[in-house]
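Throughout, protein chains are lettered first and strands after them, A, B, ... in sequence-line order, and every chain is numbered starting at 1.
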Amino acid sequence: MEKTFNPSAIEQAMYSHWEDKGYFSPTGKGDGYCIAIPPPNVTGSLHMGHAFQQTIMDTLIRYQRMQGKNTLWQVGTDHAGIATQMVVERKIAAEEDKTRHDYGRDAFIDKIWEWKEHSGGTIGKQMRRLGNSIDWSRERFTMDEGMSKAVQEVFVRLYQDDLIYRGKRLVNWDPKLHTAISDLEVENKDKKGHMWHFRYPLADGATTKDGKDYIVVATTRPETMLGDTGVAVNPNDERYQHLIGKHIVLPIVDRTIPIVADDHADMEKGTGCVKITPAHDFNDNEVGKRHQLPMINIFDQDAAVLARAEVYDVNGEPNDAYSNELPAAYAGLDRFEARTKIVAEFEQLGLLDEVKDHELTIPYGDRSGVVIEPLLTDQWYVRVEPLAKPAIEAVEKGDIEFVPKQYENMYFSWMRDIQDWCISRQLWWGHRIPAWYDADGKVYVGRSEEEVREQNGLGADVALTQDDDVLDTWFSSALWTFSTLGWPEKTEDLATFHPTDVLVTGFDIIFFWVARMIMMTMHFNKDENGKAQVPFKKVYVTGLIRDEHGDKMSKSKGNVIDPLDMIDGISLEDLLQKRTGNMMQPKLAEKIAKATRKEFPDGIEAHGTDALRFTLTALASTGRDINWDMKRLEGYRNFTNKLWNASRYVLMNTEEHDCGANGGDMVLSLADRWIIGQFQQTVKTVHQAFASFRFDLASQALYEFTWNQFCDWYLELTKPVLFKGNDAEQRGTRHTLVNILESLLRLMHPIMPYITETIWQRVAPLTGNFSEGDSIMMQSFPQIDQQLVDQQAIDDLEWVKQFIIAVRNIRGEMDIAPSKPLPVLLKQVSADNQRRLDQNQQFISALAKLESIDVLADDEQGPASATSVIGDMSLLIPMAGLIDKDAEIARLNKAIDKLSGDVKRTEGKLANKNFVSKAPAAVIDKERAKLDDAKSQLEKLKLQKQSIEAL
RNA sequence: GGACGGUUAGCUCAGUUGGGAGAGCACCGCCCUUACAAGGCGGGGGUCACUGGUUCGAGCCCAGUACCGUCCA
């Protein structure tokens, strides 16, 4: 074996081997266990969030596979409507200087499929680097044939159940991309802007209380006044109560609109009067609905002012309550140009009351970067309320559990106030809506044009055109757990793997994805008793991975760390190129480059997949955000190396030797019995940790056992046996070495697959329980055997450790070279300790590097010595020439101070009558024992100090 | 404005049902000892954000305050 662990040499070949052997596929034996991956975006590449969640999923899958389950990790990607369309649009623009319209719809879609063939697999290749034990043969895509069929089926059935409808509603409109987008794709940013105060003249000679013939409304969006259909005041606002029901005449458009009473108007804010534009503001839209105010749309799909407005009633039906005229000067003006012009015109008219600076939140399209416009458009909706009811109950009843539990609040609060879901998108790439219109605009929904004609008795002479729009990507994602398993067919896979067991995902998509999956799955999947089936039983919610300063990782901030760069390493030059390569703003690029140089002066070293995975699990505590710490990764890289070298030691001393695999006399040393018990405790902790999704506790237990017990103590304790023991003792220790290591590797495998497999291939044959071609992946996970925990061995070894530590402490504090063997004298050795000493003299002498151990008679004073106390026993190391008097006094003083503090505190506690009368007996006994112990140690050290001082 | 989460060592984080705080990294000293210097041995370091309450006893339970974060309006 190499002297250091070199992950790059083993990982990729090993992964290919596993994949070729088919180890990732369900075995077909045992209970089903399934995790459906949150499908990454097909245009995406691997980021830290993926690495984090996938490490957790793979750890669970590998654990359950080793527990004998029939495991399936179902993988796939989603078609990411907007993102993918944009990628290909940019590509044809750059390469051919064409737009998608030059291609036409069908040819453009072909182009996208072509792109997907060549570039759509990036993230899959990256996911393989993480060691994910995914059954790639079952990879799905939301646009593949089967899933398209499922999407269509769901749409048609929901429509038939009256759970889908079409309507004119306000949506988040992206004026650049010309499509509705979801809330998730809207980025709200705080900006500095203005609040304009406009005077709206009162109609019919009405006046305010202070005699003015106008009221003042405040707005951040002056241009929308062209679409105002009302002014709201608070019903409790005494300033305006007398004006409720009166009208104002809207300047510029000369439109008479009512003053209504609505709680939406905040008396404390501004003037207390709010202009209402139901067609261009979500809040106003609600107010408009309450007061039957018509909606006047003033913008086209570019958010430029229309030549003629569109007037609708509250239900979105065309209406002539108001004239559709708009001032000609505004026609075709962009909304921001219109704003300037409106303000100027108000000023000119003497109607601009004042302008104030104002902080406001502005919605931006996360892909287009332009300001989102609330716009009235024809869209398809899912009526979610009936679907939400059982979905809420499933979580209330515990059929689905969130981990950690507090995320259930988030789920409930959203589900109990749920809005209908806009599922149509004005894009080309996606599932085309299976709806057709006749010449009169009557809509027919069906699985195909033929079906529609047949079911509605429409002859070939009736012209039908299909809806141009496609469905929101989340619509297909909502069917993910069951459509990937073959629905709407009744497949074997559905019976075996659905409901899936765990969903691992981020809290940011609980609404957009998790909730919708629950609703859709429960509506379309029933078990044999007709009971709705949930998509998964547990939802493990992860936090976000942020950079070392707690900032969100983002391209624009230039603080993204690619998980693969931590696995393979990257030079500073390449990292700078990656972070600033495509930057449009040179200033920002410079800033990022500077920060990157400071953070990674030498680039990033290679750490290997196992170290990355171990770090991720070690940080996975309770669903909260994680500030990424490169030092932590480095520490765990060192840990993989430690494991590597410990294994090297084991192999050096066992390969080519008799390790008792075929019988033969074996004697187990105290250390052997001790480590076997310690290992059992570790197995127990790891099982508990996995069961409760505390991957951090699992990692911690593995780290602690491996480094602090196995390496620091056990391996050292095997040396005296292997060098000096007899055949039976050596065989016993070799047997223990080999078997503990082999079991430890299995225990670690779910978290660190590569290194454990590599070492296991060498170690497992020594246990005698190995066949050519075996893989650790397919072995059983260690189970707890409480009988192997030998409490006396544990107590005895703790005593041995204390003895050794006491000597090392004196050595360290007194600057005595580790190579210098020391004589040790003991006083007040009890029978039990005498036994421990007799049985373990070799261990003690070797690990503490002792020249001799002698027991003094009770009345014997002994020479001037440095002293330590272990229980009742005193341990002395003669100072003779080795130890400085003052240094020893200083050392004793330190120990005495510490003990005095303990004694004082404990005495105080025991002197408290309330404590003694009310605390449980066990606690009091413990305190008494503590006090006795501290007192006796203190006494011994004080005497010792006196005798040294007397020298 | 409402809800939830957080505040523990220089940094990143654990701390189970209340019995006087832990890890990794960083720091200090000594060691290239035959698995490992990506290491070994020893060591230093915390008024557990603040205020009050419950309790014999509070990092942990309760109330409030401050600051940070997230979601919703």
Side-chain angles (χ1 to χ4, degrees), chain A residues 1-5 183 264 266 268 282-283 361 404 406-414 417 507-508 510-511 543-544 546 548-552 605 607 611 614-615 618-653 688-689 692 694 696-697 699-701 703-704 707-708 711-712 715-716 718-719 723 804-805 807-820 846-849 891 894 901-902 905-906 909-920 922-924 926-927 930:
Chain A
M1 279 172 96
E2 299 281 331
K3 218 174 160 181
T4 43
F5 174 51
D183 288 345
H264 172 64
D266 184 343
E268 314 294 318
F282 288 99
N283 288 318
T361 311
Q406 72 254 22
Y407 285 106
E408 289 181 3
N409 292 333
M410 205 172 174
Y411 173 80
F412 287 135
S413 70
W414 192 71
D417 184 30
F507 63 88
D508 49 334
I510 288 179
F511 308 149
L544 232 57
R546 298 168 174 275
E548 66 282 356
H549 305 111
D551 291 322
K552 221 164 156 172
E605 262 186 84
H607 295 85
F614 197 87
T615 309
L619 292 173
S621 54
T622 47
R624 68 186 229 180
D625 287 358
I626 289 168
N627 291 356
W628 186 252
D629 181 4
M630 215 37 109
K631 294 286 186 186
R632 199 93 185 241
L633 175 64
E634 219 172 287
Y636 292 129
R637 190 268 317 257
N638 295 350
F639 176 61
T640 58
N641 194 52
K642 185 77 180 175
L643 174 65
W644 182 260
N645 277 291
S647 305
R648 213 156 66 89
Y649 167 82
V650 173
L651 291 170
M652 280 168 58
N653 288 288
Q688 283 169 346
S692 54
R694 288 299 302 266
D696 59 330
L697 298 182
S699 303
Q700 200 189 4
Y703 187 99
E704 156 71 20
W707 202 311
N708 301 337
C711 290
D712 284 352
L715 294 189
E716 295 306 319
T718 60
K719 287 174 185 174
F723 298 160
I804 294 164
I805 288 169
V807 177
R808 282 175 177 176
N809 178 280
I810 290 171
R811 208 188 267 281
E813 302 250 318
M814 296 297 130
D815 280 356
I816 302 169
S819 49
K820 168 91 185 158
L847 269 72
K849 251 241 153 71
R891 196 183 69 87
K894 203 168 83 181
D902 286 347
R905 215 174 20 242
T906 319
K909 219 169 174 179
L910 286 165
N912 183 342
K913 275 184 190 161
N914 283 324
F915 174 72
V916 182
S917 62
K918 292 186 179 171
V923 174
I924 297 168
K926 205 169 138 192
E927 291 296 319
K930 206 161 90 183

Legend entry - From B/G42, B/A38, B/A14, nucleotide with atom closest to A/Asn638 side chain: B/A38

Legend entry - Side-chain ion pair, A/Arg546 and A/Asp551, N-O less than 4.0 Å: no

Legend entry - Salt bridge A/Arg694-A/Asp696, side-chain N to carboxylate O under 4.0 Å: yes

Legend entry - Candidates B/A38, B/C56, B/C25 - which lies nearest the side chain of A/Phe915: B/C56

Legend entry - Contact check, side chains of A/Leu847 and A/Val807, non-hydrogen atoms, under 4.5 Å: no

Legend entry - Side-chain N or O of A/Asn645 closer than 4.0 Å to phosphate OP1/OP2 of B/G39: no

Legend entry - Which residue lies more 5' along RNA chain B, comparing A/Asn283 with A/Leu697 via nearest heavy atoms: A/Leu697

Inset, instruction - Using Watson-Crick or G-U wobble geometry with both distances below 3.5 Å, tell me the partner of B/G22, or none. - result: B/C13

Legend entry - Phosphate contact (B/G42 OP1 or OP2) by A/Arg811 side-chain N/O below 4.0 Å: no

Inset, instruction - Please state whether the phosphate of B/G40, meaning OP1 or OP2, lies under 4.0 angstrom from any side-chain nitrogen or oxygen of A/Lys642. - result: yes

Legend entry - A/Asn641 CG - B/A38 P separation (whole Å): 9 Å

Inset, instruction - Answer yes or no: does a side-chain N or O of A/Trp414 lie under 4.0 Å from OP1 or OP2 of B/C4? - result: no

Legend entry - Rounded distance in Å - CD (A/Glu2) to C1' (B/G39): 18 Å

Inset, instruction - For B/C27, give its Watson-Crick or G-U wobble partner with both distances under 3.5 Å, or none. - result: B/G43

Inset, instruction - Measure the distance from CD1 on A/Ile510 to P on B/C72 and round it to the nearest whole Å. - result: 11 Å

Inset, instruction - Grab the two heavy atoms, one from A/Trp628 and one from A/Leu619, that are nearest each other, plus how far apart they are. - result: CZ3-CD1, 3.8 Å

Legend entry - Spacing between A/Ile805 atom CD1 and B/G42 atom P, to the nearest angstrom: 6 Å

Legend entry - Quiz item: A/Lys3 side-chain donor-acceptor pair to B/C36 base, under 3.5 Å: no

Inset, instruction - Indicate whether OP1 or OP2 belonging to B/C31 is found under 4.0 Å from a side-chain N or O atom of A/Lys820. - result: no

Inset, instruction - Would you indicate what A/Arg808 reaches in the nucleic acid, counting non-hydrogen atoms under 4.0 angstrom: base, sugar-phosphate, or nothing? - result: sugar-phosphate

Inset, instruction - May I ask you to say what A/Asn653 touches in the nucleic acid, namely base, sugar-phosphate or nothing, with a heavy-atom cut-off under 4.0 Å? - result: nothing

Legend entry - Identified pairing partner of B/C50, criterion: Watson-Crick or G-U wobble below 3.5 Å: B/G64

Inset, instruction - Give a yes or no on whether a donor-acceptor pair under 3.5 Å exists between the nucleobase atoms of B/A26, that is its base, and the side chain of A/Glu634. - result: no

Legend entry - Interatomic distance at P, B/G64 relative to B/C27, whole Å: 44 Å

Legend entry - Mate of B/A73 where both pairing distances stay under 3.5 Å, Watson-Crick or G-U: none

Legend entry - Atom-pair distance (OH on A/Tyr649; C1' on B/U33), nearest Å: 13 Å

Inset, instruction - Report the nucleotide, chosen from B/G19, B/U12, B/A35, that has the shortest atom-to-atom distance to any side-chain atom of A/Arg632. - result: B/U12

Legend entry - Between B/C56 (P) and A/Lys909 (NZ): distance, integer Å: 14 Å

Inset, instruction - Could you work out which one of B/A35, B/C4, B/C31 sits closest to the side chain of A/Lys719? - result: B/A35

Legend entry - A/Lys642 to A/Tyr703 six-membered ring, cation-pi geometry met (6.0 Å, 45°): no

Inset, instruction - Using both distances under 3.5 Å as the test, list the Watson-Crick or G-U wobble partner of B/C32, or none. - result: none

Inset, instruction - Compare the minimum distances between each of B/G20, B/G39, B/U12 and the side chain of A/Arg905, then state the nucleotide with the smallest one. - result: B/G20

Inset, instruction - Look at all strands and tell whether A/Arg694 reaches a base, only sugar-phosphate, or nothing, counting heavy atoms closer than 4.0 Å. - result: sugar-phosphate

Inset, instruction - Would you classify A/Lys918 as touching base, sugar-phosphate or nothing, given that sugar-phosphate means primed atoms plus P, OP1 and OP2, and contacts are heavy atoms under 4.0 Å? - result: base

Inset, instruction - Identify which nucleotide among B/C41, B/C56, B/U70 has an atom closest to any side-chain atom of A/Asp712, counting heavy atoms from C-beta outward. - result: B/C41

Legend entry - Options B/A35, B/A23, B/A38, nucleotide nearest the side-chain atoms of A/Gln700: B/A23

Inset, instruction - Round to a whole Å and report the spacing from CG of A/Asn627 to P of B/G69. - result: 12 Å

Inset, instruction - Please answer whether the main-chain N or O of A/Thr4 pairs with a side-chain N or O of A/Arg648 as donor and acceptor at a distance below 3.5 Å. - result: no

Inset, instruction - May I ask you to say what A/Tyr703 touches in the nucleic acid, namely base, sugar-phosphate or nothing, with a heavy-atom cut-off under 4.0 Å? - result: sugar-phosphate

Inset, instruction - Report the nucleotide, chosen from B/G42, B/C4, B/G19, that has the shortest atom-to-atom distance to any side-chain atom of A/Asn809. - result: B/G42

Inset, instruction - Have a look at A/Glu716 and say if it touches a base, only the backbone sugar-phosphate, or nothing, with a 4.0 Å heavy-atom cut-off. - result: base

Inset, instruction - Please state how far atom CG in A/Asp508 lies from atom P in B/U70, giving the value in whole angstrom units. - result: 12 Å

Legend entry - A/Lys909 with A/Glu927: basic N within carboxylate O range, under 4.0 Å: yes

Legend entry - Nearest listed nucleotide, side chain of A/Glu813, among B/C4, B/G43, B/G24: B/G43

Inset, instruction - Starting from the 5' end of RNA chain B, give me the residue, A/Glu605 or A/Asp815, whose nearest nucleotide shows up first. - result: A/Asp815

Inset, instruction - Tell me which nucleotide among B/G19, B/G69, B/C13 gets nearest to the side chain of A/Arg546. - result: B/G69

Inset, instruction - Find the partner of B/A58: check Watson-Crick (N1-N3 plus N6-O4 or O6-N4) and G-U wobble (N1-O2, O6-N3) distances, both under 3.5 Å, and reply none if neither fits. - result: none

Inset, instruction - Of all the heavy-atom pairs spanning A/Asn641 and A/Phe5, show the shortest one and how long it is. - result: OD1-N, 3.1 Å

